[in-house]
Colleague: 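Attaching a single structure in structure tokens format; questions to follow.
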Protein chains: 2
Amino acid sequence: MQDKRRITLKDIARDLGISISTASRALNSYSGISDETIKMVKDYAEKHNYVPNSIAVNFRKNKTLTIGMIVPELVHHFFSSVISGAISEANKQGYRLLVSQSDESLNNEIRACRSMLAGSVDGLIISISNETQEGSHIREFLDEGKPVIQFDKIIENLKTPKVITDDFESAYIAVKHLIDQGYKKIAHINGRKEVKNSIDRLQGYKQALLDHRLEFREDWVPHCTDISEKEGFDYAQQLMNLPTPPDAIFCITDLVALGALNFLKKNGYKVPQEVGVMGFSNWKIAEVVGPGLSSVDQHGFEMGEKATSLLLELLKEGLTGENKTYKIDTDLVIRESTQKS
Amino acid sequence: MQDKRRITLKDIARDLGISISTASRALNSYSGISDETIKMVKDYAEKHNYVPNSIAVNFRKNKTLTIGMIVPELVHHFFSSVISGAISEANKQGYRLLVSQSDESLNNEIRACRSMLAGSVDGLIISISNETQEGSHIREFLDEGKPVIQFDKIIENLKTPKVITDDFESAYIAVKHLIDQGYKKIAHINGRKEVKNSIDRLQGYKQALLDHRLEFREDWVPHCTDISEKEGFDYAQQLMNLPTPPDAIFCITDLVALGALNFLKKNGYKVPQEVGVMGFSNWKIAEVVGPGLSSVDQHGFEMGEKATSLLLELLKEGLTGENKTYKIDTDLVIRESTQKS
DNA sequence: TTGAAAGCGCTACCAC
DNA sequence: GTGGTAGCGCTTTCAA
């Protein structure tokens with residue numbers, strides 16, 4: 001293997017008979033350098049394929065031009081969309097993205113944070129794991145003056161900017177759509193009771209029922225723990241076997257909705273005529289399943305962009321940011337599964 | 001904001017009345033340092049929460065402990081699985097993963113390569129974009145002695161280790177399954193004619209037909225350009241409208257298979273009784289579509305792990321690697337769409 | 001077993 | 001407009 005040493009500023013300076021500082025200034029087009037010199041140096045650099053050693057630059061400037069991103073799960077339409085948006089925005093501004101995942105484990109999350117904090121990133125964008133309750137490992141960033149943006153799954157009382165889906169509003173709109181379609185007994189397969197997204201969606205669901213004078217029943221609101229297809233199937237079964245079964249099911253997630261849909265299809269319920277089904281997240285499966293699943297699109301890409309631009313702004317200003325919450329709009333995507341009328 | 005300066009070796013040395021080099025050696029437990037000193041320094045470091053400035057270490061050692069990964073598209077079940085596997089393996093060995101995507105654009109790919117080459121990574125794992133024909137931007141890594149691993153979509157004549165799906169074998173097995181099920185007129189919606197994966201799958205398809213004395217017809221092998229659902233739909237239509245329509249369709253990808261499936265369902269063809277459909281990649285959609293789509297699972301996570309461990313091995317040895325190809329096994333996942341019998 | 005010092009490549013300050 | 005030089009934090013010779 002060849003280890004062709006890269007040409008350095010020193011080489012340029014020597015070959016051109018100028019000083020290193022002049023070469024540096026010329027390449028960075030500082031004021032106070034003659035156009036002549038600038039041209040000479042730039043031409044030489046071009047010709048000899050000079051690439052500044054960015055490790056050295058980083059070292060000198062004490063920054064990395066890299067931002068870290070930690071998500072609970074990478075193989076997931078929503079999170080990969082967010083990452084995609086983050087990369088896009090970061091690259092636009094000359095930054096790179098270091099990606100890690102916690103696999104929903106607090107220990108992994110802490111390890112990832114530590115590794116990034118050791119000097120590989122200038123700031124952090126994170127969506128916490130299910131296990132994370134408290135954020136001392138995240139606070140370490142702030143303590144060193146490195147900004148953090150939380151998104152989607154957040155720790156409320158950690159003083160960072162937050163980018164989230166407006167879960168209340170989105171759930172409200174989704175349920176209102178069901179109501180508008182003429183469904184009257186609307187159940188909600190919710191998520192974990194202690195997770196903010198679940199709580200907010202549940203509130204939005206309740207408020208929509210309240211505002212439209214529809215009945216709310218505790219036994220119409222089961223709570224998932226895994227948020228899996230199987231749970232969707234099982235809870236749909238449980239709901240439909242109630243003495244008073246619902247005529248629509250609003251699901252915490254498309255995967256759960258898929259399970260519900262499968263139960264309903266398998267057992268001869270007509271969707272959407274007898275039972276309406278609404279998902280959340282608008283994954284690819286919502287589009288391809290039969291019948292097409294109405295869902296709420298969370299604009300993951302946009303969320304990634306927003307979180308990144310917020311972080312870069314703070315980086316530019318040298319701040320760690322205020323405790324402000326930014327809500328990203330959602331879109332209700334209406335498909336067959338709720339088209340009763 | 002607070003900018004609590006982090007404690008450095010210098011601080012430790014000063015406070016402990018020893019030299020910087022001793023402090024450094026103690027922390028790294030070099031031989032030739034008294035246990036006493038080691039203990040003293042380590043205790044002090046622990047107590048004052050010393051974290052080595054990894055930018056400085058990187059600079060000094062001229063490496064970053066970071067590897068770069070460039071994929072055509074991040075929001076994609078296969079690629080996010082690969083990334084997930086790569087992160088897992090990299091972290092295990094103390095490395096981090098910098099992720100970028102080309103969006104199937106050669107220019108973006110070149111830009112991403114340049115950015116990483118400038119000093120942010122020690123090596124690269126890449127799956128090239130559809131537009132990429134030639135790899136001078138990748139060769140720049142090798143020229144600097146930085147190893148590269150190609151995976152999935154590769155440039156054959158670039159001297160790097162390669163990790164790929166055994167497309168020939170996988171296609172062969174998939175088609176053989178169709179044959180075993182009793183299908184006799186098997187079409188293949190292929191990909192671009194110049195892309196290696198397409199070519200190999202086509203060859204596997206042909207060989208399976210040949211070995212089982214089934215007819216091969218050019219007009220049964222249309223070529224996609226986008227590899228989209230729409231193309232699947234359109235080509236299925238084209239195939240079924242031929243004077244001699246096929247009784248099974250092997251699709252280059254699940255998305256294409258989905259389009260084909262949709263065409264068939266919409267037009268009253270019974271799947272799998274009248275027409276069998278086989279996908280490739282085994283995305284989530286293959287599992288959830290009705291009827292369930294038989295497909296070939298590519299083991300993305302494993303591929304990411306393998307590519308990463310190969311890269312780290314080279315990094316350890318200081319080599320750029322040989323032109324060796326590693327084929328990752330696939331699994332045939334049989335669902336309803338091909339269960340004729 | 002320890003210390004002094006060079007130096008990685010670059011930027012930025014201070015002279016001239 | 002340009003050059004000299006200090007120094008970022010660390011590792012690693014070389015000397016003692």
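First the proteins, then the strands, lettered A, B, ... as listed; each starts at 1.
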Colleague: What I'd like to find out is whether the side chain of A/N108 reaches to under 4.5 Å of the side chain of A/S129, using heavy atoms alone.
Modeller: no

Colleague: How is B/S21 classified with respect to the nucleic acid when contacts are heavy atoms under 4.0 Å: base, sugar-phosphate, or nothing?
Modeller: base

Colleague: When the distance from CG of A/N62 to P of D/dC10 is rounded to whole Å, what number comes out?
Modeller: 11 Å

Colleague: With under 30° as parallel and over 60° as perpendicular, where do the rings of A/F79 and A/F151 fit, or are they tilted in between?
Modeller: perpendicular

Colleague: Indicate yes or no: does B/D43 engage B/K39 in a salt bridge with an N to O separation below 4.0 Å.
Modeller: yes

Colleague: Would you indicate, yes or no, if D/dG3 has its OP1 or OP2 atom less than 4.0 angstrom from a side-chain nitrogen or oxygen of A/S19?
Modeller: yes

Colleague: Could you state the atom-to-atom distance from CG of B/L9 to P of C/dC8 in whole Å?
Modeller: 19 Å

Colleague: With heavy-atom distances below 4.5 Å as the criterion, would you say the side chains of B/N53 and A/N62 are in contact?
Modeller: yes

Colleague: To the nearest Å, give me how far apart CD1 (A/I55) and C1' (C/dT11) are.
Modeller: 17 Å

Colleague: Tell me: CD1 of B/I20 to P of D/dG7, nearest whole Å?
Modeller: 13 Å

Colleague: Could you tell me how far apart B/I38 (CD1) and C/dT2 (C1') are, to the nearest whole angstrom?
Modeller: 13 Å

Colleague: Side-chain N or O of B/Y50 versus OP1/OP2 of D/dC10: is the shortest distance under 4.0 Å?
Modeller: yes

Colleague: Closer to the 5' end of DNA chain C via nearest nucleotide, is it A/R60 or B/I18?
Modeller: B/I18

Colleague: With a 4.0 Å cutoff (strictly under), does any side-chain N or O of B/T8 reach OP1 or OP2 of D/dG9?
Modeller: no

Colleague: Rounded off to whole Å, could you give me the CD1-to-C1' distance for the B/I7 and D/dC10 pair?
Modeller: 15 Å

Colleague: Which comes earlier along DNA chain C counting from the 5' end, the contact point of B/T37 or that of B/F59, where each point is its nearest nucleotide?
Modeller: B/T37

Colleague: How long is the line joining CG of A/D35 and C1' of D/dG1, in whole Å?
Modeller: 11 Å

Colleague: Does OP1 or OP2 of C/dT11 have a side-chain N or O of A/N28 closer than 4.0 Å?
Modeller: yes

Colleague: Does C/dT2 have its OP1 or OP2 closer than 4.0 Å to a side-chain nitrogen or oxygen of B/Y30?
Modeller: no

Colleague: Tell me, do A/I126 and A/E109 make a side-chain contact under 4.5 Å, heavy atoms counted?
Modeller: yes

Colleague: Side chain of A/R25 only, heavy atoms from C-beta on: which candidate in D/dC10, C/dT11, D/dG3 is closest?
Modeller: D/dG3

Colleague: Can you tell me the distance, in whole Å, between the CE atom of B/M40 and the C1' atom of C/dT1?
Modeller: 12 Å

